[in-house]
Number of protein chains: 2
Amino acid sequence: MSSARDRILDAYERQILAGGERGTTLDAVAADAGVSKGGLLYHFSSKDSLRSSLLERLVERSQIDAAEMPQLPEDAVRLFVESSADTADQLHSTFLASQTLARNGHADAAEAIRTVEQGWYDRLAEATGDPLVARMAQLIGDGIYDNAAIDPGGDGFTLTPSAEEREAITEALISLLDR
Amino acid sequence: MSSARDRILDAYERQILAGGERGTTLDAVAADAGVSKGGLLYHFSSKDSLRSSLLERLVERSQIDAAEMPQLPEDAVRLFVESSADTADQLHSTFLASQTLARNGHADAAEAIRTVEQGWYDRLAEATGDPLVARMAQLIGDGIYDNAAIDPGGDGFTLTPSAEEREAITEALISLLDR
DNA sequence: GTCTATATTGTGATAGAC
DNA sequence: GTCTATCACAATATAGAC
């Protein structure tokens, strides 16, 4: 059983992903979470508090995820390229929502994103032992995230690379490791 | 001498890049453009009209840019990786602003971005003759754009790759062409 | 073409009942 | 802990003078 707090944060995240920050009125978030606006404001005293709580959640989830970085270079690259922007994944949807906040001028969100990205890069660089391939994999992952964020539905005519394309990209990056 | 219309669109673009859609109130845009709110609304009858005019500008500028795609595969890759998100460039800043609008749930902006990205991909794939490397270069470019958008200042501790890194990435991608 | 009001609505936040 | 008012203000848009 999830707490009301969690359900409200989930709704906030969903609203950001669906319509950007523009649509995240307290009314809309409360309705999506199944509470009244007053109920929402009992748990989060202001909209700023809602945002900073989402950023805390991002850091927590990214730390849990950090423990799962594969040790084999190939697997680390594969993880970055092939699982980026899986919107069903909790960490990824929190990350995408936070990124949208960062692009809307919230310095605290930009700071959190920088921290998480830096952590990902460090672990990827360590796992691969190749800073350049690590950077390429990270940027490709960011590109996939970005396209996924713009193209929510993703029904056919999308910019998001297919599973086959991602696999081919992974193989290409791995081949660069063996230079 | 630029027209008032252009100056207002420039201001709108600047405000989006500086603070996301959130900060682009008619007051703020008008002040930035050096006109009154009423003056702004004479040229653009609504905020929607302001947005759709920016998207028209994006398509125009991307078509002008299309003529400049290099013929050599190496140069085409280099252009994508090394000139992405040069915010001083007119096309790039219009693109970044439109991307922010797309991430805020505006379907018309998402559609325009898709069109432009598809056009870029097609030309890059043609110039390189290698769909996979074209896709990688495009995603890396998107990743660089994305980081540049989150990190406006970019003073040292940023995620945006340095000029040296970009050059190395270009070389790596070019090496993949010769398989 | 550009301005100064002003009308109108949307939104964040408070107060207090239950 | 959750709700229903309600307030205060910000933002879009209109009307009409200059």
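Quick note: numbers below take in every heavy atom, side chains included, and nothing from hydrogens, waters or symmetry partners. Convention: sequence-line order gives letters A, B, ...; per-chain numbering from 1.
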> Expressed in angstrom and rounded to an integer, what is the separation of D27(A) atom CG from dT6(D) atom P?
Replying inline: 16 Å
>> Salt bridge or not between R57(B) and E13(B)? Use side-chain N to carboxylate O under 4.0 Å.
In response: yes
>> Checking side-chain contact (heavy atoms from CB on, under 4.5 Å) between V29(B) and each of Q15(B), K37(B), R14(B), which is the one that passes?
In response: Q15(B)
> NA contact type, L26(B), heavy-atom cut-off 4.0 Å: base, sugar-phosphate, or nothing?
Replying inline: sugar-phosphate
> Between F95(A) and Y145(A), how do the two ring planes meet: parallel, tilted or perpendicular, split at 30° and 60°?
Replying inline: tilted
> Between T87(B) and L96(B), which heavy-atom pair has the shortest distance, and what is it?
Replying inline: CG2-CD1, 3.8 Å
> Nearest heavy-atom pair of D130(B) and V133(B): which atoms, and what distance?
Replying inline: OD1-N, 3.1 Å
>> Between D10(A) and R7(A) (salt bridge meaning N to carboxylate O under 4.0 Å), is one present in this structure?
In response: no
> In whole angstroms, how far is the P atom of dA11(D) from the CZ atom of R22(A)?
Replying inline: 16 Å
> How close or far is atom P of dG12(C) from atom CZ of F44(A), stated in whole angstroms?
Replying inline: 15 Å
>> Between P on dA10(D) and NZ on K47(B), what's the gap in Å once rounded to a whole number?
In response: 15 Å
At a cut-off of 3.5 Å, list every protein nitrogen or oxygen paired with a nitrogen or oxygen from nucleotides 1-4 of chain C, distance to 0.1 Å.
unit_1, atom_1, unit_2, atom_2, d
dT2(C), OP2, H43(B), NE2, 2.4
dC3(C), OP2, S36(B), N, 2.6
dC3(C), OP2, S36(B), OG, 2.7
dC3(C), O5', S36(B), OG, 3.2

>> Rounded to whole Å, please give me the gap between CG in L41(A) and C1' in dC7(D).
In response: 14 Å
